[in-house]
Every structure is written in C-alpha cells, then in structure tokens.
A.B. asks: 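My questions all concern the structure below.
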There are 2 protein chains.
Amino acid sequence: MKKQLFPLVTADIALFTLIEERLSVLLVQRANEPFIGQWAIPGGVLDPSTDSDLEQTARRILQSKINVKPGHLEQVKTVSGAVRDPRGWSISILFSALLPADQVPAVVGDKTQAVQWCDPQNCGHKLAFDHQELLEAALEGLRKKVRNRALPLHLLPSKFTLTQVQRVCERVLGQELDKGTFRRQLRENADLVELEGEYVRGAQRPAQLYTAAPGFVFKDA
Amino acid sequence: MKKQLFPLVTADIALFTLIEERLSVLLVQRANEPFIGQWAIPGGVLDPSTDSDLEQTARRILQSKINVKPGHLEQVKTVSGAVRDPRGWSISILFSALLPADQVPAVVGDKTQAVQWCDPQNCGHKLAFDHQELLEAALEGLRKKVRNRALPLHLLPSKFTLTQVQRVCERVLGQELDKGTFRRQLRENADLVELEGEYVRGAQRPAQLYTAAPGFVFKDA
DNA sequence: GCAATAGTGTCTATTAGACAATATGGG
DNA sequence: CCCATATTGTCTAATAGACACTATTGC
C-alpha cells in the first residue's frame, strides 16, 4: 500500500425503482480499473471545484452518467478504510435514491457503460469493491423507513391509487400487507390527498387517484 | 476560496455521558485556528497512515485527546461542503459515543485544551463550525434509538438497577416514563440478566442488580 | 349475472398508559 | 412502626391483525 496524504472520496448511489411491480436497483458495468468489467452501483469521485457538497456530487453523477434526477435522495452511511479500494485509502459516502416508475425509460448508460436493473435481494453479480454490503445497507435503510410507516411515494408516478401504495410498500418489505389495516393507517396519516373526480378505470370498480400532500417527504414518524 | 484537489477529512464525536443524573455532552475549547477559543465537539483530522478506517480515527482522537475508550461508538452522518470550514472544502464524519457514568473522572483535556460537560439541549456556547447542527443530529439519533426501545446501557456502570435504566432513558428522551410500563417492556426484551443475589441497599427495599446480556448492543428493534 | 378489483366494517388479540397495590429493607 | 423505594398487578384505551363483507365497474 502506497503512502498517501489524502483519501480518495467518492459518492455511490443505490438507485431504486419499480420495474413491472418489482423493486429494482440500478447496476452499472465498470468501464475503468479497478474492477473493470465488474458490476457496481453507480458512483464517482468528488470534484471539489464543482460540487458544493457531497449530495451535489451524487446528483451530478446521476445526472451525467445515468441521466436522471431522482425524486428522493438521502445519505445512508459512510464507509472508509485503507483496503476497500485497491487504489488506496478511500471514503465512500453512500446515498439511497428513489426514481418514479414512470421515469425508468429515461435511464441510460453512457457509451462505455452498460446498465441493468436488478433484484436488490439477489442481483446475480459479484459486485465490485464492497458494493454488496453497500447495497444491503441501502435496502435495509429503505425497509426500515417503510416499516416505520414512511411511504416511498417517490417510487410511484405523481398520481396513484391506494392499491399502488400498498404494492410498493409490499415490494420494498418483501411481504404482503393486509389491505384493511394498511388503508386504515393511511387514513390516519395526512400524507395523501384525494384527487376529487379522478379515477383509474379497468374491468372493475374504478380506483380513486391520490397524490402526495404538499410538502410531503419520505420520512418516518 | 482557494482551489483544492482534495478535501479536508475529519472525524467529530458527540461524546455523551450521565453526570449527576443529567445527560451531558463533552465540549472542548479549540486551541487552534480556525475558531480558536470557541467551543466545539471533539474532533480531528484523518491520518491515512495510522487509521485503518474512520471509526479508528474517531477512537484515536478520543483516546489521545480525551483519554477515553467509549463503551459505544457509531456513525451518525456525514456533512460536507465548500464553505463549512474556512480552510476550504471539507468533510466531517460525525460519530456518537456513549461513556459510562463511572468513567467520567478519567476524562481530561490536554495541556492546551479545556474540556467541559454541557447540557446537549442548551450547551451555553456558540459552537464552532456547524457543530451546533452536528450536536443536534447526534442527540436526535440517540433519542430515536431510545424511542425505538434501544437501551443506552453504555451510559451506566456494568451493574445497574432497573430504576437506573429507566432514569437513563428518561434523561435521554427528556420526558418521564411510566414505571410499570417500562419494566413490563424490559421483561419482554432479553437484554438484561439478573445478577442473582446482588442488590443495592439503602434506606429502603433493596434493588436487584442487573447487567447487560452477553453480546448486548445498543440497537433498536 | 359474473369476474375482478375497490373500498369498508367487525371481531379479537396485543400493547400502551395510567394508576393502584404490595413488598422489603433501614431506622 | 414508618419511610422510602422496589416490584408487581389491574383496568382501560388504543392499535394491529385477520378476515369478511359490500360496492362498482366492464363484459
């Protein structure tokens, strides 16, 4: 290990969305050393000359490499150490981001990077660096918030039905929820606003559309 | 603001303990620029040549500057940005540490630094950098865990009574708790082990002593 | 009418909160 | 005995979980 005065600082992002009702996380195939060719969650190095803080680093990376502005972005934790990156002492600030299902088509890799939506529980790749651990931490953070009654509305389009809200919570938690109980709890919160007169129609009773209340944030009680 | 390729990386620690039944946080008076003479939570810069990761940075700082090994140390969050430190682009990884009440006498400042235990709610000083915000985040993190049933046993000596456990939770939360309810919930957890035959005596009925269960960690359910 | 999903209600078990009652030492 | 605190119990209100029921559309 070479001596160094300063660590390498990166922001890495676990970007979640819903694809065909399944919770999915974006992986990218690394186009550079180290771990070239391996899959990883998207990330990039801090640029002090352009980033006002590390959240901006994360937003810049998502914008430039993935072409998305996430609906929600928050810090999960920071990992660090002398050996986690072969280039030397490094720090990674891990973010968790939520992308509405209807914005998934906008996601692209750049010329040199393939991207892929994967099951966060079982992504099917051996990930680069300690990204497996980072992914697990991000998923657990997301689940913890949903268990604590936070609604991941940022995974849904801006108008949605109560059943969709239930589905997204179920897919995040990985378990079915009781409809009656779930809706009773939604009623006790004030997070949702009924869109009067707006319904989704199908081969059954129409479903009332809702939207997030003004000032809504994905936050537990 | 001067151009720089690398940010300054520091670990800052909100070190909590109980002093005369009151929750207290350690502040130090800064001996160096910037903010010389102002009060701050203890912290120091990462040394990649000695620290295997940032948790070790925090431990090294607590050991060398304050002379303590905390009973519990965990990450709270990371703050960063171009302007939070007048020296330039900086990152601070905030830790929260718990020190058992019976280890408080060991705490010292070094020759150049005064130290002081303060009320974290109202420390009575204008703190350096963004340390007021950091202190609030650390306190809120601590409270959130205790609200979620985590027991801050690391603030107590290794043997303690149930009343002491209740007191420490009350002081962290800043509100009184019901004795019957609190003890019922303790019984339902398996965090505590009764020390058979060991009691605290006073001018009243003796109180059973307990200790943390093997493998206990300060963690919410 | 039937299928399918939306939306509501109801019963019971569990848990929280308030408070009372009892227990056991020292003096 | 009396005081102080430990420890336990009890009643009620609130909440969660399981499940059943009704409602409204397209076909």
Side-chain angles (χ1 to χ4, degrees), chain A residues 18 20-21 143-151 153 156-157 159-211 220-221, chain B residues 18 20-21 143-151 153 156-157 159-211 220-221:
Chain A
L18 279 181
E20 292 162 15
E21 301 260 295
R143 288 185 165 168
K144 187 166 182 173
K145 290 182 77 159
V146 173
R147 275 198 302 270
N148 278 18
R149 306 282 159 74
L151 300 177
L153 302 183
L156 294 175
K159 299 180 180 186
F160 46 78
T161 67
L162 298 187
T163 301
Q164 282 180 291
V165 178
Q166 186 180 341
R167 287 283 170 274
V168 72
C169 290
E170 288 174 339
R171 297 321 156 101
V172 168
L173 295 176
Q175 69 181 246
E176 310 254 299
L177 299 173
D178 180 79
K179 183 164 56 165
T181 306
F182 187 78
R183 293 165 98 105
R184 178 173 56 209
Q185 288 165 357
L186 288 184
R187 255 177 273 126
E188 285 156 11
N189 286 2
D191 282 344
L192 304 185
V193 180
E194 185 179 318
L195 290 166
E196 225 171 304
E198 299 195 52
Y199 298 92
V200 171
R201 296 175 173 280
Q204 68 279 341
R205 174 171 175 177
Q208 176 69 56
L209 278 170
Y210 290 79
T211 195
D220 47 357
Chain B
L18 279 182
E20 291 163 15
E21 301 261 295
R143 287 185 166 168
K144 188 167 182 173
K145 290 183 77 162
V146 173
R147 275 197 302 270
N148 279 21
R149 305 283 161 74
L151 300 177
L153 302 183
L156 294 175
K159 299 181 179 188
F160 46 78
T161 67
L162 298 186
T163 301
Q164 281 180 291
V165 178
Q166 185 180 343
R167 288 282 171 273
V168 72
C169 289
E170 287 174 339
R171 297 320 157 99
V172 167
L173 295 175
Q175 71 181 239
E176 310 254 301
L177 300 172
D178 180 79
K179 183 165 51 167
T181 306
F182 187 79
R183 293 166 97 106
R184 178 172 55 209
Q185 289 165 356
L186 288 185
R187 255 178 274 126
E188 286 157 10
N189 286 4
D191 282 346
L192 302 186
V193 180
E194 186 178 317
L195 290 167
E196 223 171 307
E198 299 195 51
Y199 298 91
V200 170
R201 298 175 171 283
Q204 68 277 340
R205 175 171 174 177
Q208 176 68 55
L209 278 169
Y210 289 80
T211 195
D220 46 358

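Residue numbering restarts at 1 for every chain, and letters A, B, ... go by the order of the sequence lines.
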A.B. asks: Starting at OH of Y199(B), measure out to CZ of R205(B) and round the result to the nearest 0.5 Å.
C.D. replies: 9.0 Å

A.B. asks: Nearest-Å distance, CG (L162(B)) to P (dA6(D))?
C.D. replies: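 Nearest whole value for this atom pair: 9 Å.
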
A.B. asks: What are the residues of residues 168-177 of chain A, sorted by number, that bring a heavy atom to within less than 4.0 Å of DNA chain C?
C.D. replies: none

A.B. asks: Starting at CG of L177(B), measure out to CD of E170(B) and round the result to the nearest 0.5 Å.
C.D. replies: 4.5 Å

A.B. asks: To the nearest angstrom, how far is E194(B) atom CD from dA6(D) atom C1'?
C.D. replies: 13 Å

A.B. asks: Could you give the distance from NZ (K179(A)) to CZ (R184(A)), rounded to the nearest 0.5 Å?
C.D. replies: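 So the NZ of K179(A) and the CZ of R184(A) are separated by 14.0 Å.
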
A.B. asks: Nearest-Å distance, CD (Q166(B)) to P (dA18(C))?
C.D. replies: 13 Å

A.B. asks: So what does R183(B) touch, heavy atoms closer than 4.0 Å: a base, only the sugar-phosphate, or nothing?
C.D. replies: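 Touches a base.
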
A.B. asks: So if I take every side-chain heavy atom of P206(A) and compare against dA16(C), dT24(D), dT7(D), which nucleotide ends up nearest?
C.D. replies: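 It is dT24(D).
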
A.B. asks: Using only side-chain N and O atoms of R201(B), determine if any of them is under 4.0 Å from OP1 or OP2 of dG27(C).
C.D. replies: no

A.B. asks: In whole Å, what is the span from the CZ atom of F182(B) to the P atom of dT8(D)?
C.D. replies: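 Result: 14 Å.
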
A.B. asks: Within the structure shown, what part of the strands sits under 4.0 Å from A207(A) by heavy-atom distance: base, sugar-phosphate, or nothing?
C.D. replies: sugar-phosphate

A.B. asks: Among the nucleotides dT8(D), dA6(C), dG17(C), which one has an atom lying closest to any side-chain atom of T163(A)?
C.D. replies: dA6(C)

A.B. asks: Between P on dT15(D) and CG on D178(A), what's the gap in Å once rounded to a whole number?
C.D. replies: 17 Å

A.B. asks: How close or far is atom C1' of dA6(C) from atom CZ of F160(A), stated in whole angstroms?
C.D. replies: 16 Å

A.B. asks: Base, sugar-phosphate, or nothing: which does G180(B) touch, judged by heavy atoms less than 4.0 Å apart?
C.D. replies: base

A.B. asks: Taking the nucleotide of DNA chain C with the nearest heavy atom to each, does Y210(A) or Q204(B) sit closer to the 5' end?
C.D. replies: Y210(A)

A.B. asks: CG of L151(A) to CG of D220(A): how many Å apart, nearest 0.5 Å?
C.D. replies: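 It is 11.0 Å, given to the nearest 0.5 Å.
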
A.B. asks: Write down the atom of K159(B), the atom of Q164(B), and the distance for their closest heavy-atom approach.
C.D. replies: O-OE1, 4.3 Å

A.B. asks: Side chain of E188(B) only, please: which of dT8(C), dA16(C), dA16(D) is the nearest?
C.D. replies: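 Among the listed nucleotides, the one closest to the side chain of E188(B) is dA16(C).
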
A.B. asks: For the side chain of R184(B), starting at C-beta, report the closest nucleotide among dG17(C), dT7(D), dA16(D).
C.D. replies: dG17(C)

A.B. asks: Using the closest heavy atom to pick a nucleotide of DNA chain D for each, name whichever of Q185(A) or R187(B) lands nearer the 5' end.
C.D. replies: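 Result: R187(B).
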
A.B. asks: Taking side chain to side chain contact (heavy atoms under 4.5 Å, CB included) as the criterion, tell me which of L162(B), T161(B), L153(B), L186(B) meets it with Y210(B).
C.D. replies: L162(B)

A.B. asks: Ignoring the backbone of R205(B), work out which of dA23(D), dA18(D), dT7(D) is nearest its side chain.
C.D. replies: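 For the R205(B) side chain, the nearest candidate turns out to be dT7(D).
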
A.B. asks: I need the R167(B) CZ to E21(B) CD distance, nearest 0.5 Å.
C.D. replies: 6.5 Å

A.B. asks: First locate atom CD of Q166(B), then atom CZ of R171(B), and finally report the distance between them rounded to the nearest 0.5 Å.
C.D. replies: 10.0 Å

A.B. asks: Mind checking if R147(A) touches a base, just sugar-phosphate, or nothing, with heavy atoms under 4.0 Å?
C.D. replies: nothing

A.B. asks: Just the rounded figure in Å: distance from P of dT7(D) to CG of L192(B).
C.D. replies: 12 Å

A.B. asks: If I take atom CG in residue N189(A) and atom C1' in nucleotide dT15(D), what distance separates them, rounded to the nearest angstrom?
C.D. replies: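 To the nearest whole Å, that distance equals 14 Å.
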
